[in-house]
Amino acid sequence: MEAAFEEFATKGYAATRVEDVATRLGITKGTVYLYFPTKDVLFQDMFRHASTSSADLSTAVGSLRGSCADRIRALLLIAFENTANDRKTRELLRLSVAEGARLPEMVDCRHELFIAPTLAALTALVEEGVKSGELRQDRAADTPDVLASLIFHVAVWRLMFADRKPIDGRALMEAHIDLAMNGLLRRSKQIV
């Protein structure tokens, strides 16, 4: 799976040949075909395998402590580190964009394994904060996607520009969190 990931990440789906994966492993392509009958099956299995390397957010959410705002902040930073700062996750994003129209189940798999759990955890934390009175009930509370949006912005920026136009993703994420949380927190609890 790692050899397949490196080949697909480096060359893309169309340019990668099963022989390339076999060569990387020092085996024949027939051996690869013994386990993966087609390049599509190899690609999809590689994608699922690589997707499971993302942090287990349900475990992370359970270990977070503090106010709802503190836990939202921590969860966003965990998701940021595991998306924008993780090469494998960024490459899976690249492959999702490049191959998603041809293999929509791959994009659905990524959504199911990482995006949906992140949004569900954010939704639960925001709902808890609204219920407790810590957070305001407004449009931002109804759309947790807003909270996570900068993660994908930084990941896409890094995919597009790599080291040619570097950005301080962590500083951008911190500013985004402060801005979003000041919109969600009740006025007496806003961050100054």
Side-chain angles (χ1 to χ4, degrees), residues 1-18 20-21 23-25 36 39-61 63-64 72-123 125 143-180:
M1 293 293 94
E2 292 302 316
F5 171 80
E6 290 301 330
E7 289 298 322
F8 286 118
T10 302
K11 299 175 183 169
Y13 178 85
T16 296
R17 300 173 313 146
V18 172
D20 301 330
V21 176
T23 299
R24 185 178 280 267
L25 291 168
F36 307 98
K39 182 169 116 174
D40 273 356
V41 171
L42 174 62
F43 182 78
Q44 290 174 26
D45 284 357
M46 174 282 302
F47 197 89
R48 273 190 216 87
H49 174 78
S51 292
T52 59
S53 69
S54 297
D56 180 1
L57 289 175
S58 60
T59 301
V61 170
S63 68
L64 300 177
I72 289 169
R73 175 186 206 82
L75 176 59
L76 287 170
L77 290 174
I78 290 167
F80 171 75
E81 291 299 328
N82 288 308
T83 303
N85 281 346
D86 181 73
R87 175 185 171 261
K88 187 173 276 188
T89 305
R90 281 195 318 270
E91 292 301 330
L92 290 176
L93 177 60
R94 177 193 318 271
L95 290 167
S96 294
V97 171
E99 304 298 335
R102 196 177 68 70
L103 296 167
E105 62 278 357
M106 175 188 65
V107 177
D108 293 344
C109 170
R110 187 71 185 144
H111 187 274
E112 178 186 322
L113 291 172
F114 186 74
I115 297 170
T118 302
L119 294 178
L122 285 169
T123 299
L125 286 170
T143 53
D145 308 57
V146 170
L147 295 171
S149 63
L150 191 76
I151 295 168
F152 295 102
H153 169 80
V154 173
V156 169
W157 183 279
R158 288 182 176 161
L159 284 171
M160 289 174 55
F161 300 113
D163 294 330
R164 294 185 322 279
K165 301 202 183 297
I167 57 172
D168 185 344
R170 178 69 181 224
L172 283 170
M173 194 66 206
E174 294 281 356
H176 175 75
I177 291 169
D178 287 346
L179 181 65

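Treat the numbers as computed from the prediction; the structure is a model and nothing was measured.
Atom CG of D178 is separated from atom CZ of R73 by 5.0 Å, given to the nearest 0.5 angstrom. Separating the CD atom in E105 from the CG atom in D108 is a distance of 7.5 Å, to the nearest 0.5 Å. Residue T23 holds its OG1 atom at 8.0 Å from CD of E7, rounded to the nearest 0.5 Å. The CG atom of L103 sits 10.0 Å away from the CG atom of L95 when rounded to the nearest 0.5 Å. Atom CD1 of residue I72 and atom CG of residue L77 lie 12.0 Å apart, to the nearest 0.5 angstrom. Here the CZ atom belonging to R24 is positioned 5.5 Å from the CD atom belonging to E6, to the nearest 0.5 angstrom.
Taking the side chain as every heavy atom from C-beta outward, I177 and F80 never approach each other to under 4.5 Å. Between L64 and I78 the shortest side-chain heavy-atom distance falls below 4.5 Å. In this structure, T89 and R94 have side chains that are not in contact, with every pair of non-hydrogen atoms separated by 4.5 Å or more. The side-chain heavy atoms of V107 and E99, taken from C-beta on, include no pair separated by under 4.5 Å. Considering only heavy atoms from C-beta on, D168 stays 4.5 Å or farther from E174 through its side chain. Looking only at side-chain heavy atoms (C-beta outward), S149 and H176 come within less than 4.5 Å of each other.
Here the closest non-hydrogen pair linking I167 and R158 is O-NH2, 3.8 Å. When every heavy atom of E91 is checked against every heavy atom of A9, the shortest pair comes out as OE1-O, 3.7 Å. Of all heavy-atom pairs spanning M106 and S96, the tightest one is CE-CA, 3.7 Å. The minimum heavy-atom distance linking L147 with M173 is given by the pair O-CE, 4.3 Å. Between I151 and A79, the shortest heavy-atom distance links the atoms CD1-CB, 3.7 Å. In plain terms, the two heavy atoms of A148 and L119 that are nearest each other are CB-CD2, 4.3 Å.
Between R102 and D40, at least one side-chain N (NZ, or NE/NH1/NH2) sits under 4.0 Å from a carboxylate O, which counts as a salt bridge. Ion pairing of K88 with E2 is present here, as a side-chain N (NZ or NE/NH1/NH2) and a carboxylate O approach within less than 4.0 Å. Classification of E81 and R170 as a salt-bridged pair holds, one side-chain N sitting under 4.0 Å from a carboxylate O.
Put simply, the side chain of K165 never gets that close to the backbone of M160: no donor and acceptor are under 3.5 Å apart.
The aromatic rings of F8 and Y13 lie parallel to each other, with less than 30° between the two planes, well short of the 60° mark.
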